[in-house]
Structures are given as C-alpha cells and as structure tokens.
**Q** 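My questions will all concern the structure given below.
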Amino acid sequence: MGSLSENARKWWRSHKQKTQQQTAPSHTPLQKQLADNEQRLRDLYANCSDVVFRSFRIGGTIRALAIYIDGLTNQEELERSVLSVLMQTKLPKDSPLTKLLDNLVPVTKSREMSTVEQCLEAIANGNPALLIDQQERAIAFGLARWEKRQIEEPVAEGVVRGPREGFTESLHVNTALLRRQIKTPALKMEQMQIGDYTQTQVVLAYMEGIVDEDLVAEVRARLGRIEIDGVLESGYIEELIEDHPASPFPQILTTERPDVTCGNLLEGRIAILVDGTPFVLIAPTTLFSLLQSSEDYYQRSLASTTIRWLRYLFTAISFLLPSLYVALITFHHEMVPTSLLISMAASREAVPFPALVEALLMEITFEALREAGVRLPKQVGGRCQHRRGARHRSGSRTSGAGFRSDGHRGRHHRDCFL
C-alpha cells in the first residue's frame, strides 16, 4: 500500500510538471509571422469555447488578430475604440506599435507585450490582446469588464456610527476604497501573482514611513515562498504565512471594512488584499485587536472605553462560566447558597449525566444549531432557528418542573440539555 501511494505521488508530480510546461510557457517570444503566433495561442486555448479569436485587417491590407475572453472584456468598447478605428486606418507595414498607442487607438490604458506569457496573462485578466502581422510585439488594452457586486455595508461588521461601505470581490474596487481615504503617496501597494493555475492577484499595502521595514520584508518573503495550484480566498494565504498554522486561534485579523483597514495601516500594520474575496488580512495582530470595533474610534473616549471593558468582561465570562459551573456543581458545593443548591439539585434529579458531560453536550448542541442556522439554505435555516427557540422554551419549562414523577422523564431527557 505504501509503494502504491508513493508511485501515485511520483506520477502526480510528473503530471503536474508536464501540465505546467504545456499551459504556462516561460518567456516564449512572439514570432514575426501572425500565423505562427495564432497557432501557438490556439493550441494553448484548445477546448476553450469562451476565448474569442477575432481576425480582421488594418486598413484593409495588414492582417491582425484580437484575442479576448467572452464575459471578461468590454466588447462594445473593443469594437468602437479599437477594431473600427483600425479597420478604417491606413498603416504602413513597418510602422511601430507606438504609433497605434499614441495617435490611433483612443484607449487610456494599454501596454506592449513581447512574450506569449504576457499575452496569456493579459487575456486572463480580461484585457484583449492585439497581434499584427510582421510585428514581434503585441498590444494589451485595458478594456476588462465583468459583472461584480455593488459596494454594500458588511453584514458581519455592522455599526451604529461610521461608514456604510465594505469591500467587494473586485481587487481594483478595494484598492480604490483605500486610496480614496488615504490620499498620500506614502500608501504603497505592491501587486504580485500567487497560484500556478489561478494566478490570483494579491496586493500588499502599507504606509511608508510608519510601518517597520523589516515587517514588510518578512511578509513579502513569506508571500514569495508560497507554492500552490490556486488561491480562491484570502484564507489560503492566511494559513500559509502565519507563524503557527496548527493553532486554533486567529493570528491574523480579517475585516471587510475599508475604515478598519485604513486605521490599521495608519497604526503601522500591513494589509493583504486578494482578488475574488472581500476579506482583507491585517498583520500583525493581538488579542486586544480582535476584540476592537471600528466604533471605538468614532465615539467619545469614556463611552468607548467602558464598552471595550464590558466586551473584555463578557469574553472572559463566556470562556470561564461553563467550567465554573462544572466546578461548583461537582467539587465545591459549599460555595453555593443552600437554597440555590437545593433548587439546582432538584432540577438535575432526572439528568442521567454528570455536570461535565451535560455542559459539553450543551455547548456542542448550541454550536450545531448555530452552524445549521448559518450554513443551511435560508428556507431551512429559518426553520432551524425557529425550532431552536421552541426547544429552548420547552427545555426551560421541563427543567423548571424538576422532572419529578410526571410520567414523561424518559421522553424529555433530550430536551433538558436545550
């Protein structure tokens, strides 16, 4: 069995290397003949029905090819500003591509490319690539456009006072939200790609002059060491750069609010934005940072300090109260008033488990019901929430009754934990 798994791993490594060589050519220069470049790209995009190869002639004489992905490119703008303009333009064969960029095509964002790898990257990002016969360079136009969610208030981080906007799944929108609040050029944003297949865009943001340069260098090095097939959410990166991946406690702060991100940047922390997710990573973080709210900075200091200390108190109670209950019920009866001890003993008379097992079952049941209400579809999740409230009321009544010789003890054993 061990040799079989080892052979399978060897086969997978060789298969992965072969696939990467086929799908991701490294620094393959473009040829002068358009037919060679077209054939090369068609082979790479074989069985890709969403990739469009649009052939046309510049001024009716020079052969050209536009390549883009349907659904990721602004096709109306491509037809109006690029294709129709070039079809009506007389261009000599030996004319440089810079003439197209400067004088002919009314597109504000464009760049030249010299390799197949650069063409693949531009096309995957929604920017159409233009290849011209007898030219060893191509042009990528910034005409990317796809459907995206509007800016909305984060559901999990609602506030009474403060901005009502949150990050979206678009990386450019998220960076613009940060730049709109912090307008100084000291806000630096370094962009990189992570993921062999997804080639996910990742931005490292920090405030130059405020952040520790060693921290930036360490985060940059950890991001550069990541080797993974794909990054679909910022949680992938979080697990790969934190100090203790096996720890159940969060070591990096996540937020959907631009104001929280800007506040942490101004305090000398770094932010990691990942394309395709509204959750931004902020590092380094502490326990007190995890218990903060953005409203703590928008209210008066006395009220914010009081609410923050209450938050600390109730966090400690949520951790210590179940264990304190088990300790008092099991080992320290003398610390409980006599009347309360008698009432608790009467209520637990029909419970067939010790206090420790009862507390564990209660915690597990509450967590299971909460998870069901969050993860299940809304139609089913709403019914789970309703049943949870009904069982809670039923459990309160049967527990208050004390389960004393009413003929229903066996049937209500399960409800005493709810």
Side-chain angles (χ1 to χ4, degrees), residues 19-147 172 191 193 195-201 275:
T19 305
Q20 290 178 349
Q21 292 175 359
Q22 293 177 354
T23 59
S26 58
H27 306 293
T28 304
L30 292 173
Q31 304 298 319
K32 202 168 185 178
Q33 298 295 328
L34 178 61
D36 297 338
N37 296 327
E38 180 179 359
Q39 186 61 42
R40 174 66 172 170
L41 291 172
R42 285 187 179 275
D43 292 340
L44 291 173
Y45 283 117
N47 300 325
C48 298
S49 59
D50 57 335
V51 180
V52 180
F53 289 79
R54 173 71 163 84
S55 299
F56 65 99
R57 291 183 178 272
I58 299 177
T61 57
I62 304 175
R63 296 180 60 250
L65 175 67
I67 307 175
Y68 61 93
I69 296 180
D70 187 16
L72 295 182
T73 301
N74 190 342
Q75 300 184 31
E76 294 80 6
E77 190 67 24
L78 176 64
E79 292 283 347
R80 180 175 61 254
S81 302
V82 179
L83 299 183
S84 61
V85 172
L86 294 179
M87 288 180 182
Q88 301 173 7
T89 301
K90 298 293 184 179
L91 183 68
K93 292 186 178 181
D94 56 349
S95 177
L97 291 181
T98 54
K99 184 176 180 180
L100 292 176
L101 299 178
D102 298 337
N103 303 324
L104 299 179
V105 180
V107 177
T108 58
K109 189 176 181 180
S110 58
R111 66 185 180 94
E112 293 188 19
M113 303 176 295
S114 59
T115 64
V116 176
E117 185 181 21
Q118 292 176 342
C119 293
L120 295 178
E121 178 184 352
I123 296 171
N125 291 327
N127 301 317
L130 175 65
L131 293 87
I132 303 175
D133 194 20
Q134 303 302 318
Q135 296 280 354
E136 296 181 350
R137 291 180 175 272
I139 305 176
F141 298 102
L143 298 177
R145 188 187 69 177
W146 55 83
E147 298 297 329
H172 299 293
Q191 186 168 329
Q193 286 186 351
D196 296 336
Y197 294 101
T198 60
Q199 299 181 5
T200 305
Q201 301 291 331
D275 190 22

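Computed from a predicted structure; not experimentally measured.
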**Q** Which pair of heavy atoms, one from Phe141 and one from Ser110, lies closest together, and at what distance?
**A** CD2-CB, 3.9 Å
**Q** Determine whether Val51 and Ile69 make a side-chain contact, defined as any pair of heavy atoms from C-beta on separated by less than 4.5 Å.
**A** yes
**Q** Using side-chain heavy atoms (C-beta onward) and a distance below 4.5 Å, is Val82 in contact with Leu86?
**A** yes
**Q** Find the distance between CD (Gln33) and CD (Glu136) and round it off to the nearest 0.5 Å.
**A** 10.0 Å
**Q** Only one of Thr115, Leu41, Asp36, Asn37 clears side chain to side chain contact (heavy atoms under 4.5 Å, CB included) with Leu30; which?
**A** Asn37
**Q** Any heavy-atom pair between the side chains of Gln39 and Gln31 that's under 4.5 Å?
**A** no
**Q** Only distances under 3.5 Å count here; give the side-chain donor-acceptor pairs of residues 120-132 to other protein atoms, sequence neighbours excluded, each with its distance to 0.1 Å.
**A**
{"from": "Glu121", "atom 1": "OE2", "to": "Gln193", "atom 2": "NE2", "distance (Å)": "3.0"}
{"from": "Asn125", "atom 1": "ND2", "to": "Glu121", "atom 2": "O", "distance (Å)": "3.1"}

**Q** Which heavy atom in Val85 sits nearest to a heavy atom in Arg80, and how many Å separate them?
**A** CG2-O, 3.7 Å
**Q** Is the side chain of Ser114 donor-acceptor paired with the backbone N or O of Arg137 at a distance under 3.5 Å, no angle test?
**A** no
**Q** For Ser81 versus Pro106, what's the shortest heavy-atom pair and its separation?
**A** O-CD, 3.2 Å
**Q** Taking only residues two or more places apart in sequence or in another chain, which ones pass salt bridge (charged side-chain N to carboxylate O under 4.0 Å, His left out) with Glu76?
**A** Arg145
**Q** Is there a side-chain contact between Glu38 and Arg63 in this structure, where contact means two heavy atoms from C-beta onward sitting under 4.5 Å apart?
**A** yes
**Q** Where the side chain of Asp133 meets the backbone of Leu34, is there a donor-acceptor pair that is under 3.5 Å apart?
**A** yes
**Q** Might you work through the side-chain contact (heavy atoms from CB on, under 4.5 Å) test for Glu79 and Arg54, ending with a clear yes or no?
**A** CA-CA 11 Å; Glu79 292 283 347; Arg54 173 71 163 84; 4.1 Å; yes
